[in-house]
Chemist: 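Here's a structure for you.
Counting from 1, the numbers follow the sequence of the chain as shown.
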Amino acid sequence: MVTCYLRYIVDAYKLKEFEHYGKLWIPLVEKFGGQHHGYFLPSEGTNNVALAMFSFPSLAAYEQYRTDSMKDAECQAAFRYAEETRCIVSYERSFFRPVFK
């Protein structure tokens, strides 16, 4: 299993738009076989950092999701929404291997 961790710098004045963006992506990740662990928006402290985490059974499955999502109309609409609203300033992506019991 591989977990993708996304750290976003968001426009603090467009948190409502970013929240909508996150709600678009949760079912899309699951549509392609991933398990979404949610988006985490600023609450206390820094007002422009948001996080998201989701997992796929393997890095190969994640890479297939990335390929397939580029061709999917709903995914393309979600990408366009972020571009049009400019709610995301930048982001970084890292991958982790979870450890349980």
Chemist: Calculate, to the nearest 0.5 Å, the distance between atoms CG and CZ belonging to L6 and F95 respectively.
Modeler: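 It is 8.0 Å, given to the nearest 0.5 Å.
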Chemist: Is there a side-chain contact between L51 and Y39 (heavy atoms, below 4.5 Å)?
Modeler: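 No; the side chains remain at least 4.5 Å from each other.
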Chemist: Might you point out which heavy atoms bring M53 and H36 nearest each other, and give the distance in Å?
Modeler: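 Smallest interatomic distance, heavy atoms only, reads O-ND1, 3.4 Å.
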Chemist: Are D68 and Q64 close enough that a side-chain donor and a side-chain acceptor fall under 3.5 Å?
Modeler: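 Side-chain D/A pair, D68 to Q64: present.
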Chemist: What I'd like to find out is whether the side chain of T67 reaches to under 4.5 Å of the side chain of E63, using heavy atoms alone.
Modeler: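 T67 vs E63: side chains apart.
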Chemist: Please name the pair of heavy atoms, one in T46 and one in N48, separated by the smallest distance, quoted to 0.1 Å.
Modeler: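 Minimum heavy-atom contact is CG2-OD1, 3.0 Å.
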Chemist: Going through the distances and angles, do V49 and R7 end up as a side chain to side chain contact (heavy atoms under 4.5 Å, CB included)?
Modeler: CA-CA 7 Å; V49 175; R7 181 178 186 270; 3.6 Å; yes
Chemist: Looking at Y65, Y5, W25, which hits side-chain contact (heavy atoms from CB on, under 4.5 Å) with F54?
Modeler: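 Per the side-chain contact (heavy atoms from CB on, under 4.5 Å) rule, the option paired with F54 is Y65, out of Y65, Y5, W25.
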Chemist: Is V29 reachable from I26 through a run of I, L, V, M, F, W or Y residues, each pair having side-chain heavy atoms under 4.5 Å apart?
Modeler: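 In one cluster with I26: V29, yes.
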Chemist: From I9 CD1 over to S90 OG, what is the distance, rounded to the nearest 0.5 angstrom?
Modeler: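 Going from the CD1 atom of I9 to the OG atom of S90 covers 5.0 Å.
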Chemist: Do you know the tightest heavy-atom contact between F32 and F56?
Modeler: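 Between these two residues, the closest heavy atoms are O-CE2, 3.3 Å.
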Chemist: Indicate, with yes or no, if Y81 and Y91 share a hydrophobic cluster defined by side-chain heavy-atom contacts under 4.5 Å among Ile, Leu, Val, Met, Phe, Trp and Tyr.
Modeler: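 Yes, one cluster joins them.
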Chemist: Apply the test side chain to side chain contact (heavy atoms under 4.5 Å, CB included) to residues L41 and F18: give CA-CA distance (whole Å), side-chain angles for both, the deciding distance (0.1 Å), then the verdict.
Modeler: CA-CA 9 Å; L41 277 60; F18 182 77; 4.2 Å; yes
Chemist: Considering residues, nucleotides and ligands other than R93, do more than 12 of their heavy atoms fall under 6.0 Å from its CZ?
Modeler: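 More than 12 within 6.0 Å, yes.
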Chemist: Taking all non-hydrogen atoms of both residues into account, name the closest pair between N47 and P42 and its distance.
Modeler: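 For N47 and P42, the tightest heavy-atom pair comes out as O-CG, 3.6 Å.
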Chemist: Between E74 and K31, does a salt bridge (charged side-chain N to carboxylate O under 4.0 Å, His left out) hold up when you go through it step by step?
Modeler: CA-CA 11 Å; E74 290 178 294; K31 171 181 174 178; 2.6 Å; yes
Chemist: Which heavy atom of V10 sits nearest a heavy atom of L15, and at what distance?
Modeler: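 Here V10 and L15 meet closest at CG2-CD2, 3.6 Å.
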Chemist: Ignoring hydrogens and angles, tell me if any N or O in the side chain of E92 forms a donor-acceptor pair with the backbone of Y8 under 3.5 Å.
Modeler: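 Checking the backbone N and O of Y8 against the side chain of E92, no donor-acceptor pair under 3.5 Å is found.
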Chemist: Give me the atom names and distance for the closest heavy-atom approach of T3 to S55.
Modeler: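 Heavy atoms only, the tightest pair is OG1-OG, 2.6 Å.
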Chemist: If you apply the rule side chain to side chain contact (heavy atoms under 4.5 Å, CB included), what do you find for Q76 with K71, and how did you get there?
Modeler: CA-CA 7 Å; Q76 292 306 309; K71 302 171 196 166; over 6 Å; no
Chemist: Answer with yes or no whether the hydrophobic clustering places Y13 together with V89; edges join I, L, V, M, F, W, Y residues whose side-chain heavy atoms lie under 4.5 Å apart.
Modeler: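 No.
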Chemist: Should F96 and M1 be counted in the same cluster of Ile, Leu, Val, Met, Phe, Trp and Tyr side chains packed under 4.5 Å apart?
Modeler: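 F96 and M1: separate clusters.
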